[in-house]
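Take a look at the structure set out below.
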Amino acid sequence: MISFFRRALTSWPALALFALVLIAFAVTSIDPSWINGRSSGGTQIATIGGRKLSANEARQRTDLALKQAQRENPELSMAAFTAQGGVDQVIDQLISFTALEAWGRKQGISASDRLIDGEIASTPAFFGLTGRFDRGAMQAALAQAKISERQLRADIAGQLIRNQLLSPIDSGIRMPEGLILPNASLLLEQRSGLIGIVPSAAIPAGPAPTPAEIEAFYKANIGRFTVPERRVIRYALFGENDVAAPAAPTDAEIDAFYKANAATYGASETRSIAQVILPDQKAAADLVARVKAGTAIADAARQAGGEAITTDIARAKLAENASAAVADAVFAAAQGGVVGPIKADLGWYVVKVDAVNAKAERPLAAVRGEIAESLARQKRDEALSTMVGAIEDAIADGASFDDLAKERKLAIVTTPALLSDGRAPDQPEWKAPPELPLLLRSANQMGTDDDPVVETIGAGQRYALVAVSQVVPAAPAPLDKVRDEVVAAVRADRTAKQARAIADAILAKAKAGTPLADAIAQAPIKLPAPAKAGARQIELLRNDRPAPPPLKLMFGMKKGEIRLIAAPNDAGWFLVQLGEIVPGDARNEPALVNSLRDQFRRIASEEYARQFIAAASRDVGVKRNDQAIATLKAELGGQGQ
């Protein structure tokens with residue numbers, strides 16, 4: 001399964017952010033493919049509480065989700081994304097999001113314009129050169145992505161409603177020690193034994209393969225010698241240098257910008273805080289006492305079954321997120337002070353003020369140059385955005401790649417026939433230009449009859465008009481061109497089979513009672529003696545390196561058992577004998593126990609959230625159009641074939 005997407009859709013905090021992730025991705029990505037004419041019409045794939053969910057909306061969200069997943073795996077195609085369940089998960093998520101929002105509105109929950117404004121103002125995609133919200137930058141980004149401000153605000157409003165429903169679920173969940181300690185002890189369990197190997201490299205190569213053997217192996221394994229589908233890609237780069245230079249900002253424009261962004265340039269104060277939200281007043285009061293007595297707030301929060309969230313925040317934002325009372329108390333406290341407990345919508349707040357960050361006012365004279373630069377950049381971005389929009393409109397009206405390149409006087413680059421990863425098997429010496437990997441994502445899904453598309457290069461300052469002029473079907477390479485590869489493969493196949501036969505014979509002897517070291521020594525070829533090896537289970541869970549397969553196997557074996565496991569890359573066979581099991585004891589490992597407790601608590605909160613969403617869906621009523629969903633999946637799955 002797609003690792004990014006599975007992570008994004010199996011954690012309720014990720015669910016709470018996923019819609020906004022898509023929004024943020026949309027407004028920083030020009031040419032979302034859903035606006036290029038591919039459409040499933042007005043077909044409804046589901047009805048949720050009276051709200052109809054269209055195939056077009058599902059296609060839009062699927063395209064955005066694919067682009068996000070391609071940041072981890074650039075070679076991932078829409079067809080593969082569909083086959084691996086990505087479309088199903090997007091549709092399920094859309095239905096869940098819509099049902100939860102509908103249920104929340106039914107209960108009278110809403111999101112104020114002020115709260116929506118706060119989310120928009122804190123979206124990095126809408127920041128100008130000052131590092132703060134810039135309405136011009138927002139409008140340019142939305143125009144590039146073909147997303148209206150109304151759609152953006154509606155999406156954010158829905159997400160804020162869902163957050164209000166899901167956030168309390170994560171508060172106050174406590175896991176019993178009878179569950180945590182035994183599982184933590186299992187992670188500390190030590191297993192050790194013997195590991196022997198029959199390496200394929202130790203097997204004599206034997207006589208050279210005969211022509212008949214070579215041909216038979218080639219035919220039987222034709223897939224191994226098939227050159228995948230390739231594409232000849234044509235593209236033309238363009239950017240700021242291809243648009244007329246806009247007029248310099250006037251004094252009036254600079255003055256207006258300064259006034260409109262008075263909050264940015266005026267005196268301001270933010271505070272670095274650590275906040276904990278608990279459902280019970282007494283628990284919150286106890287937490288305050290422990291923090292004032294010297295306990296770190298993060299430790300005190302864990303002891304209370306909560307979590308300390310650290311952030312830098314302004315008074316207005318804190319008032320929106322919590323309440324005016326919380327904000328007033330926090331901004332009245334001195335650095336190092338502890339505030340609370342104070343009741344707000346989500347529970348009882350306890351806040352520690354870690355730092356007071358004050359910023360003096362900056363007069364217009366001091367920032368005039370900065371504003372002029374920001375406005376000039378905005379004008380250049382708008383001019384480039386207008387050019388992108390004009391090209392996309394021309395594509396929609398039927399303009400060809402050659403027409404557009406000629407009209408805009410763009411230089412055309414034509415690649416050799418490329419594999420999906422950008423290699424050119426017919427021209428191995430050819431070197432891909434640096435922009436090509438960013439274009440392969442869309443080009444690999446295009447055919448010769450598809451309209452050209454516009455792709456973003458870098459941070460939106462350069463673009464490429466992309467088309468595919470030829471698709472070379474996958475076909476087996478002629479035997480005479482891959483004969484050396486086939487000969488090497490025949491030899492490797494021989495030695496792998498002989499290594500397996502020797503390993504099987506050793507395994508049979510060991511199971512019959514012969515010590516493993518003796519059984520290996522009696523093999524018909526000289527093999528290394530088995531080595532002692534062992535590990536704790538927790539050591540096999542490290543993310544920085546894969547666990548050795550023989551050690552992983554030990555944790556699924558019985559004491560004294562012997563098993564066979566293939567070495568990676570057909571390198572031979574491991575013989576694994578489990579000798580000793582030493583139980584773990586986590587009673588003296590508080591860090592491990594606390595970490596596992598947090599993990600279990602997150603799992604529990606995710607399950608509660610799923611159950612809550614399911615109940616809300618039943619209450620508002622969800623009717624799926626399975627036929628329309630199947631049609632959409634078939635269309636999406638056929639792309640990139």
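Quick note: residue numbers are just sequence positions, from 1. Everything quoted here is computed from the prediction, not taken from an experiment.
- Two residues are said to be in side-chain contact when any heavy atoms from C-beta on lie closer than 4.5 Å; P279 and W348 fail this criterion.
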Would you please test E607 and R610 for salt bridge (charged side-chain N to carboxylate O under 4.0 Å, His left out) and show each step?
CA-CA 5 Å; E607 180 58 28; R610 278 190 285 268; 3.4 Å; yes

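- A salt bridge links R368 and D255; the closest N-O separation between the charged side-chain nitrogens and carboxylate oxygens is under 4.0 Å.
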Could you walk me through whether N56 and R59 pass the side-chain hydrogen bond (donor to acceptor under 3.5 Å, both in side chains) check?
CA-CA 5 Å; N56 282 344; R59 182 188 291 276; 5.0 Å; no

For E455 and Y463, what are the C-alpha separation, side-chain angles and deciding distance, and is it a side chain to side chain contact (heavy atoms under 4.5 Å, CB included)?
CA-CA 6 Å; E455 279 293 331; Y463 301 89; over 6 Å; no

Audit row: T310, D354, side-chain hydrogen bond (donor to acceptor under 3.5 Å, both in side chains) steps and yes/no:
CA-CA 9 Å; T310 59; D354 291 326; over 6 Å; no

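- Under the 30°/60° scheme for interplanar angles, the aromatic rings of F612 and W103 are found to stand perpendicular.
- Between the side chain of D299 and the backbone N or O of T295, no donor-acceptor pair lies under 3.5 Å.
- No side-chain donor-acceptor contact under 3.5 Å links N625 to the backbone of A46.
- Smallest separation of non-hydrogen atoms from F331 and A314: CZ-C, 3.5 Å.
- The shortest side-chain heavy-atom distance between E320 and R114 falls under the 4.5 Å cut-off.
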Salt bridge (charged side-chain N to carboxylate O under 4.0 Å, His left out) assessment of D117 paired with R153:
CA-CA 8 Å; D117 289 342; R153 295 182 71 88; 2.9 Å; yes

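- Between F126 and I120 the shortest heavy-atom distance is CD1-O, 3.4 Å.
- In K359, the NZ atom is crowded: over 12 heavy atoms of neighbouring residues, nucleotides or ligands sit closer than 6.0 Å.
- Between the side chain of S167 and the backbone N or O of Q164 there is no donor-acceptor pair closer than 3.5 Å.
- We find that E539 and R536 are joined by a salt bridge, their nearest charged nitrogen and carboxylate oxygen being less than 4.0 Å apart.
- Taking 4.5 Å as the limit, every side-chain heavy atom of V350 sits out of range of all side-chain heavy atoms of V291.
- Salt bridge present: K282 and D286 bring a charged side-chain N and a carboxylate O closer than 4.0 Å.
- Counting all heavy atoms, side chain and backbone alike, R315 lies closest to A327 at O-CB, 3.6 Å.
- Under a 4.0 Å N-O distance rule, the pair R51/E57 qualifies as a salt bridge.
- Using a 4.5 Å heavy-atom threshold, the side chains of L287 and L278 count as touching.
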In sequence, state the C-alpha distance, the side-chain angles, and the governing distance for Y258 and Y265, and then conclude on ring pair (Phe, Tyr, Trp, His ring centres under 6.0 Å).
CA-CA 8 Å; Y258 182 80; Y265 301 109; 5.4 Å; yes

Please walk me through it: do Q93 and Q89 pass side-chain hydrogen bond (donor to acceptor under 3.5 Å, both in side chains)?
CA-CA 6 Å; Q93 205 57 56; Q89 293 193 43; over 6 Å; no

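- Residues A308 and A298 share a closest heavy-atom pair of CB-CA, 3.9 Å.
- In this structure, CZ in F97 is found 13.5 Å from CD1 in I161, a value given to the nearest 0.5 Å.
- A donor-acceptor pair is defined here as one N or O able to donate and one able to accept, closer than 3.5 Å; such a pair exists between the side chain of E253 and the backbone of T250.
- Counting only distance, with no hydrogens or angles, the side chain of S112 and the backbone of L115 share a donor-acceptor pair below 3.5 Å.
- Using a cut-off of 4.0 Å between Lys/Arg side-chain N and Asp/Glu carboxylate O, R271 and E269 are scored as salt-bridged.
- With contacts defined as side-chain heavy-atom distances shorter than 4.5 Å, the pair E189/V582 does not qualify.
- Electrostatic pairing of D92 and R624 counts as a salt bridge here, judged by a charged N lying under 4.0 Å from a carboxylate O.
- Here the side chains of L160 and E119 are in contact, with some heavy-atom distance below 4.5 Å.
- A salt bridge does not link K317 to D312: none of the charged side-chain nitrogens sits closer than 4.0 Å to a carboxylate oxygen.
- S617 places a side-chain N or O within 3.5 Å of a backbone atom of I613 that can act as its donor or acceptor partner.
- Open room surrounds CG on N588; 12 or fewer heavy atoms of other groups in view lie less than 6.0 Å from it.
- Within a 6.0 Å sphere centred on NZ of K552, other residues, nucleotides and ligands contribute 12 heavy atoms or fewer.
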Report the C-alpha distance between N321 and I313 in whole Å, list the side-chain angles of each, state the deciding distance to 0.1 Å, and finish with yes or no for side chain to side chain contact (heavy atoms under 4.5 Å, CB included).
CA-CA 10 Å; N321 292 351; I313 197 165; 3.8 Å; yes

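- Annotation for F600: atom CZ counts as buried by contact number, over 12 foreign heavy atoms lying within 6.0 Å.
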Under the salt bridge (charged side-chain N to carboxylate O under 4.0 Å, His left out) rule, what do R61 and D155 come out as? Steps first, then yes or no, please.
CA-CA 12 Å; R61 300 292 181 167; D155 280 349; 2.8 Å; yes

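- The shortest side-chain heavy-atom distance between Q275 and Y349 falls under the 4.5 Å cut-off.
- Between Q537 and L188, the closest side-chain pair of non-hydrogen atoms is not below 4.5 Å.
- A535 and L540 make their closest contact through CB-CD2, 4.1 Å (heavy atoms, listed as atom of the first residue, atom of the second, distance).
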Set out, in order, the CA-CA distance, both residues' side-chain angles and the distance that settles side chain to side chain contact (heavy atoms under 4.5 Å, CB included) for V326 and V339, then state yes or no.
CA-CA 8 Å; V326 172; V339 171; over 6 Å; no

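- S185 places a side-chain N or O within 3.5 Å of a backbone atom of A586 that can act as its donor or acceptor partner.
- At least one donor-acceptor pair under 3.5 Å links the side chain of T62 to the backbone N or O of A58.
- Between the side chains of Q159 and R162, a donor-acceptor pair is found at a separation under 3.5 Å.
- For the pair E373 and R377, the salt-bridge criterion is not met [side-chain N within less than 4.0 Å of a carboxylate O].
- The heavy-atom pair separating A184 from V593 by the smallest distance is CB-CG2, 4.2 Å.
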